[in-house]
Amino acid sequence: MYFSRVLKLTLALSLLALMLPVTAVMGQTTGTATFGDSSAGKSDMLVVTMSDMPPLGAGEVYQGWLVSDDGKTNVDVGVLEVADDSSISHTFTSATGTNLAAANATFTITIEATGGATSPSKVIAFTTTTDEDAMTHLRNLLVSNAGNPNYASGAHTGIPKGITPGLYEQTNAALTQAEAAATATSLSDIQAAAGNAINIIEGTGGANFDASRTDSGDSFGVLNYASDASAHAKAITAAFPKDAKFFKFEPGVSAGADNVAAQAGSARDHALLAVSATDTTTATAYATNVKTYLERALSGYDADRDGAIAASEGGALQAHQAAQNMASFSPAAGTGLPVAGDIGLGSFAWMALMMGIALVSAGSLMRMRKTTSR
């Protein structure tokens with residue numbers, strides 16, 4: 001009886017020891033730094049989320065930096081406070097509204113003295129750099145794409161718009177016209193606003209563009225922005241077929257943009273019916289449909305009612321956010337990463353694994369001897 005209990009205890013300890021390496025691996029530091037918006041389309045924020053950060057010595061802090069392509073300019077993201085559970089949740093917003101993806105392809109976390117520094121030290125805890133060619137496409141999506149209409153306001157006034165900021169802005173502009181059409185009380189006002197929505201959706205090159213109407217958009221067209229967003233996102237995955245991050249978020253851009261085109265196309269068709277209507281009741285009904293389709297084009301729509309907006313159900317907002325996720329950073333350990341304790345995490349895992357194997361072997365041998373002795 002005593003021998004049986006010892007055997008059971010040995011086997012239980014064996015299983016526990018074999019599980020320890022898994023626990024140790026799960027404790028490795030992971031995280032992202034993702035571009036965000038203080039208002040839609042700006043990418044003037046950086047959201048840093050990290051877990052299982054190694055403990056620092058007294059008088060030390062982590063500090064985040066965005067580094068320019070040439071390595072000569074640093075944007076101080078701020079001191080990254082570590083919570084009691086060893087996590088970091090930190091948001092930085094550009095005071096000038098600058099698009100942070102415009103010139104920065106590297107994100108770095110350094111170790112500094114308490115209070116932080118005005119320039120990064122050479123003690124790099126974590127860092128990562130986005131490939132130059134990938135960054136070119138990402139900037140076309142998020143910052144500026146040659147040939148697009150210029151930004152009319154903000155920190156980047158006068159330069160061509162990024163594709164996803166333009167997609168969101170113009171879809172929203174078309175929705176504003178649809179809302180005006182749906183609430184107008186006269187047939188002429190309904191038709192004027194519906195006509196404006198058509199112009200914004202199609203742009204000056206569209207078959208239904210009417211130059212006699214007021215054009216309250218940027219003349220490029222929602223449909224053209226959507227087509228470009230899908231093409232550029234797919235170009236990134238084609239150029240980097242082994243990058244898991246790009247493949248994970250690309251459908252959110254391309255399928256989302258395709259859905260924007262489909263919803264905006266339906267809105268355009270109903271707007272044409274509103275324009276050709278001969279009575280207010282009919283025109284209002286069509287204008288209400290235009291509004292519904294453009295709401296879905298802007299913010300997505302859970303068509304299958306599963307509680308989540310899938311990539312193919314996304315709108316201009318989701319396509320823009322997916323592009324930001326494609327441009328996100330996943331910091332890897334740098335040369336200055338602090339080491340806690342005398343035994344490293346990897347060494348501890350291997351020691352536990354070897355102990356587990358030894359205990360399982362011993363337990364098996366003891367069981368065999370007990371069976372033989374019977």
Side-chain angles (χ1 to χ4, degrees), residues 32-49 64 66 75-78 89-104 107 135 138-145 148-180 196-197 200-201 203 215-222 224-226 228-229 232-233 249 252-253 256-257 259-260 263-264 267 291 294-301 309 313-329:
T32 59
T34 306
F35 296 110
D37 308 304
S38 64
S39 58
K42 297 184 72 172
S43 292
D44 59 342
M45 296 172 60
L46 189 74
V47 180
V48 182
T49 303
L66 282 169
V75 177
D76 177 8
V77 174
S89 181
H90 179 85
T91 299
F92 167 78
T93 304
S94 168
T96 59
T98 299
N99 190 316
L100 297 174
N104 305 296
F107 174 69
M135 205 67 206
L138 291 167
R139 285 172 178 156
N140 287 336
L141 285 168
L142 293 172
V143 185
S144 180
N145 187 50
N148 283 357
N150 292 343
Y151 290 105
S153 61
H156 302 281
T157 301
I159 71 168
K161 295 175 186 175
I163 297 169
T164 56
L167 178 64
Y168 183 89
E169 176 193 80
Q170 292 306 295
T171 304
N172 192 45
L175 174 58
T176 298
Q177 293 300 314
E179 290 170 339
N196 289 341
I200 298 171
I201 292 169
D215 184 9
S216 53
D218 67 6
S219 300
F220 190 70
V222 171
N224 291 321
Y225 279 119
D228 287 351
H232 277 270
F249 295 113
V253 183
N259 188 51
V260 173
Q263 298 292 341
K291 175 177 174 288
L294 286 172
E295 286 173 341
R296 296 174 179 180
L298 183 70
S299 302
Y301 174 65
I309 296 178
E313 300 171 329
L317 176 62
Q318 287 78 16
H320 174 66
Q321 291 172 338
Q324 291 175 323
N325 285 328
M326 288 185 76
S328 65
F329 300 103

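This is a predicted model, so every value here is computed, not measured. Just so it is clear, the values below take in all heavy atoms, side chains as well, and ignore hydrogens, waters and symmetry mates.
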Participant: For the pair Asn145 (side chain) and Asn140 (backbone), establish whether a donor and an acceptor sit closer than 3.5 Å, ignoring hydrogens and angles.
Facilitator: no
Participant: Below 4.5 Å, heavy atoms only, C-beta onward: do Met135 and Leu138 meet side chain to side chain?
Facilitator: yes
Participant: Taking Lys161's backbone N and O only, do any of them form a donor-acceptor pair with Asn148's side chain (distance below 3.5 Å, no angle check)?
Facilitator: yes
Participant: Minimum heavy-atom separation for Ile309 and Ser299, please, with both atom names.
Facilitator: CD1-O, 3.7 Å
Participant: Could you walk me through whether Ser38 and Asp44 pass the side-chain hydrogen bond (donor to acceptor under 3.5 Å, both in side chains) check?
Facilitator: CA-CA 7 Å; Ser38 64; Asp44 59 342; 2.5 Å; yes
Participant: Grab the two heavy atoms, one from Pro160 and one from Ser144, that are nearest each other, plus how far apart they are.
Facilitator: O-OG, 2.7 Å
Participant: Quick one: are Val222 and Leu167 in side-chain contact, heavy atoms under 4.5 Å?
Facilitator: yes
Participant: Looking only at heavy atoms, what is the nearest atom pair of Ala155 and Thr96, with distance?
Facilitator: CB-O, 3.5 Å
Participant: For the CD atom of Gln318 and the CG atom of Leu298, what is their distance to the nearest 0.5 Å?
Facilitator: 8.5 Å
Participant: Do Gln170 side-chain atoms and Asp218 backbone N/O form a donor-acceptor pair below 3.5 Å?
Facilitator: yes
Participant: Check whether any side-chain N or O of Thr157 sits under 3.5 Å from a backbone N or O of Gly154 as a donor-acceptor pair, and report yes or no.
Facilitator: yes
Participant: Any idea which heavy atoms bring Ala264 and Ala297 closest together, and the distance?
Facilitator: N-CB, 4.3 Å
Participant: Do Leu46 and Phe107 come close enough that some side-chain heavy atom pair is under 4.5 Å?
Facilitator: yes
Participant: Would you indicate whether the side-chain heavy atoms of Phe92 and Leu66 approach each other to under 4.5 Å?
Facilitator: no
Participant: Tell me the closest heavy-atom pair linking Thr164 and Ala319, and the distance in Å.
Facilitator: CG2-O, 4.2 Å
Participant: Calculate, to the nearest 0.5 Å, the distance between atoms CG and CZ belonging to Asn104 and Arg139 respectively.
Facilitator: 7.0 Å
Participant: Nearest 0.5 Å, please: how far is CD in Glu295 from CG in Asn172?
Facilitator: 11.0 Å
Participant: Could you go through Thr171 and Leu317, starting from their C-alpha distance and side-chain angles, then the distance that decides it, and tell me whether this counts as side-chain contact (heavy atoms from CB on, under 4.5 Å)?
Facilitator: CA-CA 10 Å; Thr171 304; Leu317 176 62; over 6 Å; no
Participant: Okay, side chain of Thr34, backbone of Asn325: is any donor-acceptor separation there less than 3.5 Å?
Facilitator: no
Participant: Look only at the side chain of Ser328 and the backbone of Gln324, and say whether a donor-acceptor pair between them is shorter than 3.5 Å.
Facilitator: no
Participant: From the options Gln321, Lys42, His320, select the one residue that forms a side-chain hydrogen bond (donor to acceptor under 3.5 Å, both in side chains) with Asp37.
Facilitator: His320
Participant: With a 4.5 Å cut-off on side-chain heavy atoms, are Ser43 and Val143 touching?
Facilitator: no
Participant: Output, in order, the C-alpha distance, side-chain angles, deciding distance and verdict of side-chain hydrogen bond (donor to acceptor under 3.5 Å, both in side chains) for Tyr151 and Asn99.
Facilitator: CA-CA 12 Å; Tyr151 290 105; Asn99 190 316; 5.0 Å; no
Participant: Closest approach of Tyr168 and Ala40, non-hydrogen atoms and distance?
Facilitator: CE2-CB, 3.2 Å
Participant: Under 3.5 Å, side chain of Gln177 to main-chain N/O of Ala174, donor-acceptor pair present?
Facilitator: no
